[in-house]
K.L.:
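Starting off with a structure, shown below.
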Number of protein chains: 2
Amino acid sequence: MNNIETESYQNLLVKNGLKKTGARLQVLDVLSHRNSATSQPYLENKIGKDIDRVTLYRILKTFEEKGIIHRVLDKQGTANYALCTSSCSENHHHDEHVHFNCNNCLRVYCLDDVKIPPLKIEKGFKIEDMNLIVSGICKDCNEAN
Amino acid sequence: MNNIETESYQNLLVKNGLKKTGARLQVLDVLSHRNSATSQPYLENKIGKDIDRVTLYRILKTFEEKGIIHRVLDKQGTANYALCTSSCSENHHHDEHVHFNCNNCLRVYCLDDVKIPPLKIEKGFKIEDMNLIVSGICKDCNEAN
DNA sequence: TTAAGTGCAAAATCTTTGCAAATGT
DNA sequence: ACATTTGCAAAGATTTTGCACTTAA
């Protein structure tokens with residue numbers, strides 16, 4: 001991780017009133033270097049030697065509460081995490097983009113460009129949030145075959 | 001449960017090569033008498049005195065594989081189950097309708113009438129399935145306040 | 001009769017909690 | 001110095017597995 005990146009992670013932490021600890025920086029580093037959301041098992045595997053599993057749980061929970069990352073559950077119910085875009089804030093996520101869950105490699109992509117079209121829904125139901133998970137075969141897996 | 005219903009449950013089982021056991025009929029009975037998807041904890045609570053927790057897991061798994069029920073994960077990752085419509089078959093679900101997850105009562109509704117609008121998605125990604133979970137306040141909870 | 005289904009015990013996971021030690025500011 | 005954060009141990013919850021007993025067909 002280079003200096004510029006490290007600095008921006010640190011800002012992210014300070015901005016949210018969090019201490020700059022090694023564990024947190026390491027989590028941010030992993031998340032920011034991937035082109036898809038990162039599953040919790042992947043994180044555990046990647047940084048499990050350095051960071052206790054319990055600490056990871058707590059870091060992810062804190063980050064999500066602060067609006068630094070958002071959580072997407074894949075089809076199996078496994079938690080995947082991705083860095084939020086700027087529009088997220090404490091206790092308020094705006095991750096109303098589409099997520100793509102590959103049936104082959106199981107990765108979860110954030111398709112930031114794709115917006116969920118407006119829906120007509122039965123009267124009486126008040127919409128607060130929408131979450132669309134599309135599953136299929138991702139670009140990488142398609143090309144690999 | 002009246003006779004007509006019982007008979008149709010039995011057909012459902014026989015049609016799928018499953019034995020008509022008391023446990024299975026009871027699960028079908030609960031699921032068919034609710035206007036929303038049923039969470040696994042609810043089922044456990046409802047029929048836990050009669051049916052072993054492990055058996056319930058196995059019944060739900062079998063039903064899902066046979067296309068009798070489909071599973072929806074709510075925001076917390078809790079499994080919810082609903083009877084499939086006729087278009088579902090073994091190992092192939094067509095539950096591409098919208099689910100509504102109430103933030104207040106936590107119920108999951110199957111909005112069968114609402115279809116997911118076609119999406120423009122990045123080239124290379126092949127869509128096989130779509131799952132839209134809308135969350136907010138449901139009709140019942142709105143009216144109660 | 002016999003393959004399928006169930007219950008029980010126990011293992012394997014996953015997630016949370018409490019508390020003392022370590023760390024960042 | 002002091003509140004925050006972490007690690008460890010342990011509890012709690014969820015899900016799976018193995019095997020003997022039971023039941024539907």
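Nothing here was measured: the structure is a model prediction, and the numbers come from that model. We name chains A, B, ... by the order of the sequence lines, and we start the count at 1 in each one.
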K.L.:
Side chain of Arg24(B), backbone of Gln10(B): donor and acceptor closer than 3.5 Å?
P.N.:
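Not at all, since once roles are kept as given, no pair shorter than 3.5 Å links the two residues.
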K.L.:
Between the side chains of Asp50(B) and Gln26(B), is a donor N or O closer than 3.5 angstrom to an acceptor N or O?
P.N.:
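Short answer, yes.
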K.L.:
Please figure out whether Pro41(A) or Lys61(A) has its closest DNA chain C nucleotide nearer the 5' end.
P.N.:
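On the 5' side of the pair lies Pro41(A).
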K.L.:
Take atom NZ of Lys49(B) and atom C1' of dG7(C), then tell me their distance rounded to the nearest Å.
P.N.:
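It works out to 18 Å between those atoms.
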K.L.:
Would you kindly give the CG-to-P distance between Leu73(A) and dC14(C), to the nearest whole Å?
P.N.:
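The answer, rounded to whole Å, is 15 Å.
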K.L.:
Who passes side-chain hydrogen bond (donor to acceptor under 3.5 Å, both in side chains) against Arg58(B), sequence neighbours left out?
P.N.:
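Residues passing side-chain hydrogen bond (donor to acceptor under 3.5 Å, both in side chains) with Arg58(B): none at all.
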K.L.:
With the side chain of Ile51(A) defined as its heavy atoms from C-beta on, choose the nearest nucleotide among dA9(C), dG7(D), dA3(C).
P.N.:
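From the listed options, dG7(D) comes nearest.
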K.L.:
Suppose we call a contact any N or O donor and acceptor under 3.5 Å apart; does that hold for the side chain of Arg53(B) and the base of dG7(C)?
P.N.:
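It does not, because no donor-acceptor pair links the side chain of Arg53(B) to the base of dG7(C) below 3.5 Å.
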K.L.:
Which residue, Lys20(B) or Ala23(A), contacts DNA chain D at a nucleotide closer to its 5' end, judged by nearest heavy atom?
P.N.:
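The answer here is Ala23(A).
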K.L.:
How many Å lie between OH on Tyr57(A) and P on dT6(D), as a whole number?
P.N.:
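That distance rounds to 16 Å.
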K.L.:
From C-beta outward on Lys19(A), which listed nucleotide comes closest to its side chain: dT17(C), dA3(C), dA3(D)?
P.N.:
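Output: dA3(D).
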K.L.:
At what distance, to the nearest 0.5 angstrom, does CZ of Arg53(B) lie from CG of Leu56(B)?
P.N.:
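Atom-to-atom, Arg53(B):CZ and Leu56(B):CG are 9.0 Å apart.
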K.L.:
Distance from Leu43(B) atom CG to Arg34(B) atom CZ, nearest 0.5 Å?
P.N.:
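If I round to the nearest 0.5 Å, the distance is 8.0 Å.
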K.L.:
From CD of Glu44(A) over to P of dT13(C), roughly how many Å is that when rounded to an integer?
P.N.:
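Spelled out: CD on Glu44(A) to P on dT13(C) is 12 Å.
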K.L.:
Rounded to the Å, how far apart are Leu25(B) CG and dG5(C) P?
P.N.:
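It works out to 13 Å between those atoms.
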K.L.:
Look at the side chain of Thr21(B) and decide which nucleotide, out of dT17(C), dT6(C), dG7(D), has an atom nearest to it.
P.N.:
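Nearest nucleotide to the side chain: dT6(C).
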K.L.:
Quick check for you: to the nearest 0.5 Å, what is the distance between His33(A) atom NE2 and Lys46(A) atom NZ?
P.N.:
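It comes to 10.5 Å.
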K.L.:
Measure distances between side-chain N and O atoms of Arg58(B) and base N and O atoms of dG7(C), and say whether any donor-acceptor pair falls under 3.5 Å.
P.N.:
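Answer is yes: a donor-acceptor pair is held.
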K.L.:
Respond yes when some side-chain nitrogen or oxygen of Thr55(A) is under 4.0 Å from OP1 or OP2 of dT5(D), and no when none is.
P.N.:
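Checking dT5(D) against Thr55(A), no side-chain N or O comes under 4.0 Å of OP1 or OP2.
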K.L.:
Just how far is it from atom OH of Tyr109(A) to atom CZ of Phe125(B), taken to the nearest 0.5 Å?
P.N.:
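The OH atom of Tyr109(A) sits 5.0 Å away from the CZ atom of Phe125(B).
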K.L.:
What pairs of residues pass the salt bridge (Lys or Arg N to Asp or Glu O under 4.0 Å) test when at least one of them lies in residues 131-145 of chain A, not counting sequence neighbours?
P.N.:
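Those involving residues 131-145 of chain A are Arg107(A)-Asp140(A), Lys139(A)-Glu122(B).
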K.L.:
Between dG5(C) and Thr62(B), is there an OP1 or OP2 to side-chain N/O distance shorter than 4.0 Å?
P.N.:
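For dG5(C), OP1/OP2 do not have a side-chain N/O of Thr62(B) under 4.0 Å.
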K.L.:
Rounded to the Å, how far apart are Leu43(B) CG and dT14(D) P?
P.N.:
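One finds 14 Å between P of dT14(D) and CG of Leu43(B), rounded.
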K.L.:
Rounded to whole angstrom units, what separation is found between the CG atom of Asp74(A) and the P atom of dC14(C)?
P.N.:
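Nearest whole value for this atom pair: 13 Å.
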K.L.:
Between dT5(D), dG7(D), dG5(C), which nucleotide gets closest to the side-chain atoms of Leu18(B)?
P.N.:
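So the side chain of Leu18(B) is nearest to dG5(C).
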K.L.:
I need the CD1-P distance between Ile59(B) and dA4(C), as an integer number of Å.
P.N.:
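Whole-Å distance recorded here is 16 Å.
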K.L.:
For the helix from dT1(C)-dA25(D) to dT25(C)-dA1(D), what is the angle between the axes at its two ends, each from 5 pairs, rounded to 10°?
P.N.:
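Rounded value for the end-axis angle: 30°.
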